[in-house]
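All values below were derived from every heavy atom in this structure, side-chain atoms included, with hydrogens, water molecules and symmetry-related copies excluded. Computed from a predicted model, the values in this text were never measured in an experiment.
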Amino acid sequence: MVQWKEAWQSRPLWLLPLAAFLGLVLFHADLPGIYMDAANPDFLAARWLHHGHNPGAGIPSKLFPILGSFYHGMQNAYLGVPFFAVAGFSVTSLRLEQAVFGAMLLVALYHLTRRLTASRALALAVGLGLATELAFTASFRTQFYIVLGGAAWFVVSMLLALPAEPGSRIVRRRAFWSGVCFGLASYGYFVLSFFAPAMAVLVACWVPRRDWGRWVVGAAVGVSPYLLGFLSLLAKKHGLESTLDFARGMLGQLKPFEATGASASNLGYAWTMIGSATSDLANEQLVFGQGVSGAWGACKLWWLAISVPLLLVVGFWQWRRGRSFPATSVVPALMPLSFLAVGSLFGQRLGAHHFSVLLPFVYLLPALLLAQAAALFRGATRALRPVALGLLAVGVVGANLTQQARFHEWLVKTGGRGHSSDALTTLAVEARGAPAHVAYLFPEWGFFTSFAFLTGNRVRYSVDIEPRTIESLKRDGITEFRLVYWEAGDEERYRGALQARGVRDAEARTFLTREGQPAFHWLRGDLNGAAAP
């Protein structure tokens, strides 16, 4: 018995959820197709590795690329440079590169749970739960990935805020590096800053007072790429007025600073978005246009909603009974409240993907609740015995895998629908063999980032069909144009635009989904007036 216990304590159990997560990421890794925002800013790695004349994206910079937009950074693009240089450009390599941050989050969450509960069994259960959670794994097949990439730094920040374990090599400056990681989380995606009010409470409770200043300095260092990016933009645009004009154009109709307040309707909207994010409904609507995975996912919202107040009640109950307030275990329950309170100020300008950062708490908070119940009621310690906990974990993981199976069944059946069809992959793979005199035209949103990535930025394209653009392409030796668009009803409009630019009798083609439905279309013709061969 003693030998078994020693073996259990010495095993790196975090490898189990990590293996489960990577297995699910690699399962049908080529599905669905890559919609535009699901490869942005990663596609920039292709531009940096293979320079060309193709247009890019991101915030202009006098120094080097720093901001992917005004609300997220470039961490995926910089990780992608060495990754894609080795692995190449494919849907599978993109999924793996993006999953690096998911793996980082999982490992950090395992160790955070173990430290907070003093239970390796609970840490393993939490890790396996999130690793098999469809709302988590499917997010690395859609545009949700970039938000969870920032969340990885946030979980690491929480872990580093805890006092160092005996024998740990990272003892000094833990508070500083915790602050750095929180700043990097906000740089990864701006919504991670919504945790700041609760993070301030966490730092006050977990970090020694002498180190509070170090944490603040670290946070400033971590978020400094935002400031550097804005200053670099200012230098690039040669003045404040032109910079503000550019910002207004980039933000468009988002109106991020339009005041709304935390009204009941905004809170109700946020509740709906949390439910869509934690159930995977939002991912499924992006991929399939409908929910497909069943009712099990709806339970996750209630796990979160019930765990938060119960943890706070249990914590105050212990405090009222004369015990010390269990700040280490209870403070994490403030995180969803903090995010909800700040997020509601943005009204309905946030989407479900912004709320996907709450997924780690769907599994962490119930584990903390079990640990607190065990501490409060001595008889409840039986609930933490491996057999009972194992049965609970097997039930949750089994239900998660059943939900996964339904999702993957639809993946294989459809290949993705709407703007997520794997026909996008077909378009790019075919284009790899295009002659040098061919250029693709993408006047509509949704095509060019995945195309640039999957072709390694080696095929010429443009994102508009303005006369000056076509003339520039002609001067570079382009004689054949392939104009790609979503709706068949736009054919005549685009045909007329091509004719006005010297391309006549263009040949139409429809790209089909696996179900035989139109995914998108193109018009292909050359400057001689004949359809291209």
Quick check: closest heavy atoms across [X] and [Y], and the distance to 0.1 Å?
X: E491; Y: L523; result: O-CD1, 3.7 Å
X: L160; Y: C181; result: CD1-SG, 4.1 Å
X: A423; Y: A519; result: CB-CB, 3.9 Å
X: R406; Y: S293; result: NH1-O, 3.0 Å
X: G222; Y: P225; result: O-CD, 3.2 Å

Polar contact flag, side-chain donor to acceptor under 3.5 angstrom, Q143-Y35: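 No, no side-chain donor-acceptor contact under 3.5 Å.
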Would you say the side chains of H353 and Y145 form a donor-acceptor pair under 3.5 Å? no
Geometric cation-pi criterion R174 and F176, 6.0 Å radius, 45° cone: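 No; the conditions do not both hold, so R174 does not lie above the ring face of F176.
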Are [X] and [Y] near enough that their ring centres are under 6.0 Å apart?
X: H354; Y: Y189; answer: yes
X: H408; Y: F27; answer: yes
X: F140; Y: F136; answer: yes
X: F520; Y: Y485; answer: no
X: W522; Y: F481; answer: no
X: F89; Y: H50; answer: yes

Identified ring pair (Phe, Tyr, Trp, His ring centres under 6.0 Å) partner of F447 from the options Y440, F43, W486: W486
Step by step, work out the ring-ring contact (aromatic ring centres under 6.0 Å, His included) result for Y226 and F70. CA-CA 8 Å; Y226 264 129; F70 286 115; 9.2 Å; no
Salt bridge (Lys or Arg N to Asp or Glu O under 4.0 Å), that's the test. Do K300 and D280 meet it? Break it down for me. CA-CA 10 Å; K300 316 301 170 60; D280 195 54; over 6 Å; no
